[in-house]
Amino acid sequence: MESWLLPFLLALSLLFRYSGAEVHYHDFVVQATPVRRLCKAHSIITVNGQFPGPTIEVKNGDTLVINVVNRARYNVTLHWHGVRQMRTAWADGPEFVTQCPIRPGGSYRYRFTIEGQEGTLWWHAHSSWLRATIYGALIIHPKDNSYPFTKPKREIPVLLGEWWDRNPINVVRQATRTGAAPNNSDAFTINGEPGDLYKCSRKHTTVIPARAGETNLFRFINAALNAELFVAIAGHKMTVVGADASYTKPFTTSVLMLGPGQTTDVLVTMDQPASRYYIAARAYASAQGVPFDNTTTTAILEYDCGSSEPVRVVQPAFPALPAYNDTRAATTFSAGIKSLQG
Ligand SMILES: *[C@@H]1O[C@H](CO)[C@@H](O)[C@H](O)[C@H]1NC(C)=O
Ligand SMILES: *[C@@H]1O[C@H](CO)[C@@H](O)[C@H](O)[C@H]1NC(C)=O
Ligand SMILES: *[C@@H]1O[C@H](CO)[C@@H](O)[C@H](O)[C@H]1NC(C)=O
Ligand SMILES: *[C@@H]1O[C@H](CO)[C@@H](O)[C@H](O)[C@H]1NC(C)=O
Ligand SMILES: [Cu+2]
């Protein structure tokens, strides 16, 4: 053996040992799953029967190994939205671009490392319109748990989705066949549920628990296919601290605007009286005369007052949302996002 080789190997092994990086293994089974939404029974395609799909949590520097088994009747691939895929381009996921689709009955193993990214990303199907129901959060914690802001008490992924009262595959197939725009969606969702303002949905509205005084990190993800969305929380200001897995210079706002695929991390302090507050989202759509889904999705932020007092009976307060075509609100928000260093 060369004399330098042993010390070299030792140094290398120490480097890996002390980097603290982990490998996370996940099994994702793509399958048909029965759900009810908007008074109707549907068979949607999910990962592991979950809608939204499983949340993946890693630390910056960790490696993910995701074994995907396709038990659905469609070809599928998964895309890790926003992951830089340094030296693993083949794991990116767009079908017929970086890989052949995983056929029904087939499987494929994605393996990649998160390098130099912290914050919120997400994953979704990248085959036809399967991403309408196949998506989930990908949360990247800092290596040593050190955020460039006060450590939040709770971290809450909030996935905004778009729902068709049909098989979304048929919606895009029809559009491709006719050349016309695809049919508008019938609802937006928060963590898979349309919320109180839609028919047959009240009972299943997403409820997000909170406790007075704590500061929580909300990780908003716009998983809608075609809609830019305004988001607001009644009675609460939001301090934006990150976007698309990069930290940003903090700024405070009462409304967010997320394009499809974008994520925004905000700190919210529970500084209001113990009660219930709507988190609401609806479209930003400024093109005149172009129809769009003008419905509003809601979840409920519910303070736990630590007693048996049923805060539940209180009608939640509703936030002010900008008009659908309020371009000024959209650009004011976007212009507020600046680099942490800047
Ligand atoms: C499904 O995937 C296979 C290969 O992975 C491909 O040959 C076939 O054309 C795909 N089918 C569709 C409908 O895209
Ligand atoms: C699209 O909308 C039209 C008009 O409401 C309807 O007739 C058609 O069946 C819809 N197509 C799909 C695939 O949902
Ligand atoms: C949404 O659009 C429909 C027509 O597509 C219209 O009848 C309805 O008033 C609109 N609702 C809102 C809240 O703008
Ligand atoms: C926004 O929509 C309203 C109607 O809802 C219309 O009166 C107004 O002219 C629109 N503004 C712009 C800038 O398109
Ligand atoms: Cu994507």
Side-chain angles (χ1 to χ4, degrees), residues 28-32 35-45 47 66-79 89-110 124-134 161-189 194 198-199 224-230 232 255 257 259 280-296 320-335:
F28 274 21
V29 179
V30 177
Q31 55 189 276
V35 299
R36 280 193 80 82
R37 290 294 184 281
L38 309 179
C39 321
K40 254 167 70 179
H42 296 265
S43 174
I44 62 170
I45 310 298
V47 163
I66 296 130
N67 193 45
V68 181
V69 176
N70 185 4
R71 296 217 180 107
R73 62 191 174 99
Y74 303 104
N75 276 352
V76 73
T77 61
L78 294 186
H79 171 57
W90 47 83
D92 198 41
E95 72 168 359
F96 299 121
V97 179
T98 58
Q99 69 174 104
C100 287
I102 311 166
R103 295 181 208 227
S107 67
Y108 185 81
R109 194 158 62 153
Y110 293 90
H124 61 82
H126 208 304
S127 186
S128 181
W129 269 19
L130 285 175
R131 71 183 184 281
T133 56
I134 299 185
E162 191 166 9
W163 179 265
W164 280 261
D165 218 4
R166 318 252 174 160
N167 183 341
I169 302 295
N170 294 340
V171 175
V172 71
R173 272 189 190 152
Q174 184 186 42
T176 311
R177 199 171 55 242
T178 63
N183 281 10
N184 284 325
S185 49
D186 299 288
F188 295 108
T189 56
Y198 297 89
K199 57 185 177 182
L225 280 81
N226 305 311
E228 298 181 292
L229 294 168
F230 285 122
V255 63
M257 198 285 290
R282 72 175 188 193
Y284 161 50
S286 59
Q288 291 198 19
V290 179
F292 61 96
D293 179 348
N294 64 5
T295 62
T296 304
L321 281 165
Y324 298 109
N325 61 0
D326 192 343
T327 297
R328 184 195 287 265
T331 49
T332 301
F333 170 74
S334 307

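All of these numbers come straight from a predicted model, not from anything done at the bench. In listed order, ligands and their atoms are each counted from 1.
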Q: Below 4.0 angstrom from a heavy atom of Asn75, which ligand 1 atoms are there? Numbered from 1 as shown, please.
A: 1 (C), 2 (O), 3 (C), 8 (C), 10 (C), 11 (N), 12 (C), 14 (O)

Q: Please determine if Arg166 has a nitrogen or oxygen closer than 3.5 Å to a nitrogen or oxygen of ligand 2.
A: yes

Heavy-atom pair with the smallest gap, counting every atom of [X] and [Y]:
X      : Y      : answer
Ala280 : Thr296 : CB-CG2, 4.1 Å
Ala224 : Leu229 : CB-CD1, 4.3 Å
Leu130 : Ala125 : CB-CB, 3.6 Å
Ala232 : Ala320 : CB-O, 3.8 Å

Q: Using the six-membered ring of Phe188, assess whether NZ or CZ of Arg282 lies under 6.0 Å from its centre and within 45 degrees of the ring axis.
A: no

**Q.** Geometric N/O contact Cys100 with ligand 1, under 3.5 angstrom
**A.** no

(Q) Checking contacts now, so for atom 10 (C) of ligand 4, which I'm interested in, is there any protein heavy atom under 4.0 Å? (A) yes

Q. Do protein heavy atoms approach atom 7 (O) of ligand 4 to less than 4.0 Å?
A. no

Can you pull out the closest protein heavy atom to [atom]? Residue, atom name and distance to 0.1 Å, please.
atom                    : value
atom 5 (O) of ligand 1  : Pro101 O, 2.8 Å
atom 12 (C) of ligand 4 : Asn325 ND2, 3.3 Å
atom 13 (C) of ligand 2 : Gln174 OE1, 3.3 Å

(Q) Please state which option from Asn170, Thr178, Asn183 has its nearest heavy atom closest to atom 3 (C) of ligand 2. (A) Asn183

Q) Any idea how Phe230 and Tyr284 line up, ring-wise: parallel (<30°), tilted (30 to 60°), or perpendicular (>60°)? A) tilted

Q: Describe, in one word, how the ring planes of Trp163 and His42 are oriented to each other, choosing from parallel (under 30°), tilted (30 to 60°) and perpendicular (over 60°).
A: perpendicular

Q: Report the part of Arg103 (side chain from C-beta onward, or backbone N, CA, C, O) that has a heavy atom under 4.0 Å from ligand 1; answer both or neither where that applies.
A: side chain

Q. Do Thr77 side-chain atoms and Pro101 backbone N/O form a donor-acceptor pair below 3.5 Å?
A. no

Q.
Test your reading of the structure: does Gln288 have an N or O sitting under 3.5 Å from an N or O of ligand 4?
A. yes

